[in-house]
Amino acid sequence: MARLALHVQTPVAATLNAAKRWAPSLGIWGVSAGTGALLLLSVTPLVRREVLEKVPLLGSYYEDKTPASDKPF
């Protein structure tokens, strides 16, 4: 006959156990949500100027090279 052993787990240990289990999944979802938000907001001048131009390898792609005389505002 099999024995059943019950282990008492403290709240801190239970929280750490749950965090270890969910961290990779939440990290992947967070990175994908952030990437999607930047993709959708990349046409906004504030996001382009303050965030995307400061990315080391992609900054030159998002720089506005339009002459001031051709800008309507």
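Sequential numbering from 1 along the given sequence is applied to the chain's residues. All values below were derived from every heavy atom in this structure, side-chain atoms included, with hydrogens, water molecules and symmetry-related copies excluded.
- Closest of all the heavy-atom pairs between Asn17 and Gln9 is ND2-NE2, 3.9 Å.
- Residues Leu41 and Val47 share a closest heavy-atom pair of O-CB, 3.4 Å.
- Side-chain atoms of Ser42 come within 3.5 Å of backbone atoms of Leu39 as a donor-acceptor pair (strictly under, hydrogens ignored).
- Grouping the Ile, Leu, Val, Met, Phe, Trp and Tyr side chains by contacts below 4.5 angstrom, directly or via other members, places Val43 apart from Leu46.
- Scanning all heavy atoms of the two residues, the minimum distance from Glu53 to Glu63 falls at OE2-CA, 3.4 Å.
- The minimum heavy-atom distance between Arg49 and Lys54, with the atom names listed, is O-CE, 4.2 Å.
- In terms of hydrophobic clustering, with Ile, Leu, Val, Met, Phe, Trp and Tyr side chains grouped at heavy-atom distances under 4.5 Å, Leu58 and Leu52 are assigned to a common cluster.
- More than 12 heavy atoms of other residues, nucleotides or ligands sit less than 6.0 Å from atom NZ of Lys71.
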